[in-house]
Amino acid sequence: MSTVRCRIAPSPSGFLHIGTAKMALFNWLFARSQGGTFVLRLEDTDAERTEEEYVAAMCEGFKWLGIDWDEGPPFGDEPEKGALGPYRQSQRRDQHHAEGMRLVAEDKAYRCFCSKEELDADRAQADAEKRPFRYSGRCRNLTPEEIAAKGEASFVVRFRVPEGETVVEDLVQGPVKFNNKEFDDFIILKPNGDPIFHLAVVADDGLMKITHVVRGDDHLTNTPRHIMLFNALGYALPTFAHLPMVLDEAGKKFSKRMHGANVLDWRDEGYLPETLINYVVMLGWTSEEEGREFFTLEELRHLFSINRLNKSAARFDRKKLDWLNGQHIRMLTPENLRDRVLPIIAAKGIDTSGKSPEWLTQMASICQEKIPTLNNIVDYIDFFFSEVESYDPKAENKYFRQAESAAWLEADLRMMSAADAWTHDALKAAFEKEVEATGVKLGSLVNAARLALTGKPVGPGLFELAELLGKETAVARIARALEHVKTLS
RNA sequence: GUCCCUAUCGUCUAGCCCGGCCUAGGACACCGCCCUUUCACGGCGGCGACACGGGUUCGAAUCCCGUUGGGGACGCCA
């Protein structure tokens with residue numbers, strides 16, 4: 001009885017790419033839905049590209065999304081987890097080398113002494129003849145004597161690709177057939193003994209007893225090579241599932257340099273991790289339950305089924321992401337929203353330390369229905385913490401430069417000053433009573449007051465924000481606006 | 001160039017495997033109306049797609065072939 005073991009094996013190249021996040025999510029979901037194990041392995045064999053801060057940045061991305069791993073390398077205060085480590089490819093070099101040389105001993109691979117120059121010449125020749133470059137096989141059948149004669153000459157190790165065809169039985173794409181002629185005898189060990197990617201992944205997947213390889217379909221044409229290696233090395237062949245990649249809004253491969261390629265870009269812009277998870281899952285999978293589009297990680301781990309995965313690539317759509325984020329913000333409790341929004345407000349230099357937790361919860365609550373991203377809250381609440389320095393020009397024309405403007409503000413001032421109870425309900429009642437008595441439009445009274453209190457034409461509901469602002473401040477701001485209006489006409 | 005994958009509204013998709021229930025359903029976006037104290041939210045309605053061409057069949061979005069479009073792979077990168 002074999003339990004599912006799958007993995008995400010990113011190369012730490014600076015941050016968690018949105019595409020990597022998608023693959024990680026689906027691996028995670030597959031493992032969790034099957035009661036299996038999810039492994040994180042760092043493919044950090046490309047020495048120049050691996051920096052420790054890159055590793056940390058990548059793990060931070062996973063943590064933010066809530067994707068945890070059962071086995072993986074040490075990270076932060078977490079020790080290495082799992083019995084089949086190490087989980088950093090760079091620490092398995094000797095193992096890879098030994099496996100490569102084992103293939104040589106078994107004659108499934110061979111030493112190749114061709115120089116880089118020779119190969120470059122072959123490649124140029126192939127280009128000139130407009131045919132794909134394939135290794136010539138010059139060193140394929142060297143005799144032991146010929147090899148001995150090379151002495152200490154440096155060599156690479158090439159895999160001896162067998163004749164015939166290789167079929168990838170892909171869980172998503174179905175069976176995909178390749179003629180082995182498409183593949184030349186590819187290199188598996190560099191002259192310095194380091195493994196090439198293909199050997200390293202296969203050795204790692206084999207030794208870590210990975211049962212399901214779920215990855216981007218950019219690897220589909222690499223898979224025959226991997227299957228040949230699995231077989232040659234005598235490892236159990238995992239099941240493959242190749243998922244379509246995430247395209248940018250223009251329909252191109254999501255470039256590493258593009259903003260938004262880093263999942264933490266979205267965090268920094270005020271998107272919830274719940275939103276990203278929900279959005280990314282929608283990009284590659286649909287639920288049995290038709291039309292449903294809200295999912296939490298916890299729900300997904302029960303709902304996920306591999307046969308509902310899509311086969312074609314999907315574009316990233318910012319508009320839909322915004323909408324989804326707004327929906328997720330509305331699902332938060334006000335306390336939770338408050339806690340998420342406070343650091344953002346602080347980062348803008350606004351000091352909230354004078355307010356009670358209850359007050360701040362109220363503040364978050366009255367903005368909850370209005371903001372598409374967490375960051376948007378700043379514009380909705382800054383007037384609570386600073387004086388109104390200026391009025392929005394357009395709104396000023398509309399509410400402060402009318403013949404009745406002074407009258408509106410005078411009414412506002414009178415009602416607010418006279419308010420016996422400074423609550424949303426009491427204020428609302430007072431305004432409504434005024435409207436009934438005088439026939440003035442409620443909107444005029446409200447919008448003039450809003451502009452006076454906030455300086456803006458948009459924001460939370462007037463009575464809600466007034467209650468939080470406090471009577472004294474509100475009355476003072478109305479009075480000040482009234483003075484201002486008198487200077488306008 | 002060679003090989004591989006893919007193809008339903010502008011976007012994400014349901015339906016395709018097991019042809020008829022499809023005058024193709026939903027969501028985002030867009031437009032209009034309603035609600036309303038602004039903005040948003042919400043409600044109602046509208047616009048809008050089976051890439052093309054051949055087959056197979058009584059009947060095809062659904063099956064087959066081809067074309068075209070899109071993506072990917074062809075490293076001593078991962």
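Throughout, protein chains are lettered first and strands after them, A, B, ... in sequence-line order, and every chain is numbered starting at 1.
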I'd like to check A:Val39 versus A:Tyr87 (side-chain heavy atoms, cut-off strictly below 4.5 Å). Are they in contact? yes
Pairwise C1' distance, B:G66 and B:C30 [rounded to whole Å]: 37 Å
Whole-Å distance, A:Tyr279 OH to B:U13 P, equals 9 Å
Which is it for A:Leu309 and A:Leu243 under the side-chain contact (heavy atoms from CB on, under 4.5 Å) test, yes or no, and what are the steps along the way? CA-CA 8 Å; A:Leu309 285 165; A:Leu243 275 40; 3.9 Å; yes
Taking only side-chain N and O atoms of A:Gln327, does any of them lie within less than 4.0 angstrom of OP1 or OP2 on B:G42? yes
Centroid separation A:Phe400 to A:Trp408 less than 6.0 Å: no
Remember a base hit wins even if backbone is also touched, and classify A:Lys116 as base, sugar-phosphate or nothing at under 4.0 Å, heavy atoms. base
Take atom OH of A:Tyr54 and atom P of B:A78, then tell me their distance rounded to the nearest Å. 17 Å
Examine the side chains of A:Gln89 and A:His96 and answer whether a donor and an acceptor come within less than 3.5 Å of each other. no
A:Val475 to A:Ser417 - nearest heavy-atom pair and separation: CG1-OG, 3.9 Å
Taking only the C1' atom of each, what is the distance from B:G75 to B:A49 in whole angstrom? 42 Å
Expressed as a whole number of Å, how far does the C1' atom of B:G53 sit from that of B:U13? 27 Å
Do the side-chain N or O atoms of A:Asn222 get closer than 4.0 angstrom to the phosphate oxygens (OP1, OP2) of B:G72? no
Verify the ring-centre separation between A:Phe197 and A:His219: is it less than 6.0 angstrom? yes
Stretch residues 95-102 of chain A: residues that reach within less than 4.0 Å of RNA chain B through a heavy atom: none
Between B:C64 and B:G25, how far apart are the two C1' atoms, rounded to whole Å? 28 Å
How close or far is atom P of B:A73 from atom NZ of A:Lys181, stated in whole angstroms? 25 Å
Could you check A:Pro460 against A:Pro10 and say which one's nearest nucleotide on RNA chain B is further toward the 5' end? A:Pro460
Which nucleotide, in any strand shown, forms a Watson-Crick or G-U wobble pair with B:G48, with both distances under 3.5 Å? none
Any base atoms under 4.0 Å from A:Gly461, or only sugar-phosphate, or nothing? Heavy atoms, all strands. base
Quick check: does any side chain N or O of A:Asn27 sit under 3.5 Å from a backbone N or O of A:Ile8, one acting as donor and the other as acceptor? no
Mind checking A:Lys428 for me? I need base, sugar-phosphate or nothing, with any heavy atom below 4.0 Å counting as a touch. nothing
Taking only nitrogen or oxygen atoms into account, show me every contact under 3.5 Å that the protein makes with nucleotides 5-8 of chain B, one pair per line with its distance.
unit_1	atom_1	unit_2	atom_2	d
B:C5	O3'	A:Gln173	OE1	2.9
B:C5	O2'	A:Gln173	OE1	3.3
B:U6	OP1	A:Gln173	OE1	3.4
B:U6	OP1	A:Lys311	NZ	2.8

Between A:Asp205 and the options A:Arg215, A:Arg41, A:Arg92, the salt bridge (Lys or Arg N to Asp or Glu O under 4.0 Å) test singles out A:Arg41
In whole Å, what separates the P atom of B:G45 from that of B:C50? 24 Å
Would you classify A:Gly459 as touching base, sugar-phosphate or nothing, given that sugar-phosphate means primed atoms plus P, OP1 and OP2, and contacts are heavy atoms under 4.0 Å? base
Calculate, to the nearest 0.5 Å, the distance between atoms CE and NE2 belonging to A:Met58 and A:His17 respectively. 10.0 Å
What is the distance from CZ of A:Phe400 to P of B:U38, rounded to the nearest Å? 17 Å
What is the distance, to the nearest angstrom, from the CD1 atom on A:Ile381 to the P atom on B:U38? 22 Å
Under 4.0 Å between any heavy atoms, over every strand shown, what does A:Lys252 touch: base, sugar-phosphate, or nothing? Just pick one. sugar-phosphate
Any A:Thr221 side-chain nitrogen or oxygen under 4.0 Å from OP1 or OP2 of B:C74: no
Whole-Å distance between B:A29 C1' and A:Glu293 CD? 13 Å
Heavy atoms under 4.0 Å, any strand shown: does A:His219 hit a base, just sugar-phosphate, or nothing? base
OP1, OP2 of B:U38 versus side-chain N and O of A:Lys394: anything below 4.0 Å? no
What is the separation between atom CD1 on A:Ile188 and atom C1' on B:C77, rounded to the nearest whole Å? 17 Å
Look only at the side chain of A:Asp248 and the backbone of A:Gly251, and say whether a donor-acceptor pair between them is shorter than 3.5 Å. yes
Counting only Watson-Crick pairs (N1-N3 plus N6-O4 or O6-N4) and G-U wobbles (N1-O2, O6-N3), all under 3.5 Å, who is the partner of B:G42? B:C34
Between A:Asp218 and A:His242, does any side-chain donor sit less than 3.5 Å from a side-chain acceptor? no
Would you say B:C3 has OP1 or OP2 under 4.0 Å from some side-chain N or O of A:Asn179? no
Is a donor-acceptor pair below 3.5 Å formed from side chain A:Arg315 to base B:U11, judging by atom type as modelled? no
Nucleotide opposite B:C18 in a Watson-Crick or G-U pair, distances under 3.5 Å: none
Atom CG of A:Asn376 and atom C1' of B:C39: how far apart are they, to the nearest Å? 12 Å
For B:C74, the Watson-Crick or wobble partner whose two distances fall under 3.5 Å: B:G1
Watson-Crick/G-U partner (both atom distances under 3.5 Å) of B:A61: none
Distance, C1' atom - from B:C63 to B:G15, rounded to whole angstrom: 16 Å
Assign each of A:Lys370 and A:Ser115 the nucleotide of RNA chain B bearing its closest heavy atom; nearer the 5' end lies the nucleotide of A:Lys370
Write down the distance separating the P atoms in B:G32 and B:C52, rounded off to the nearest Å. 31 Å
Counting only side-chain nitrogens and oxygens, does A:Lys456 get under 4.0 Å of the OP1 or OP2 atom of B:U37? no
Side chain A:Glu249, main chain A:Asp317, donor-acceptor under 3.5 Å: no
For the ring-ring contact (aromatic ring centres under 6.0 Å, His included) test, which of A:Phe15, A:Phe316, A:Tyr279 pairs with A:Trp266? A:Phe316
Could you measure between the two C1' atoms, the one in B:A7 and the one in B:G46, and give it in whole Å? 28 Å
Strictly by Watson-Crick or wobble contacts shorter than 3.5 Å, is anything paired with B:A7, and which nucleotide is it? B:U68
Considering every strand and a 4.0 Å limit on heavy-atom distances, what is the contact class for A:Leu462: base, sugar-phosphate, or nothing? base
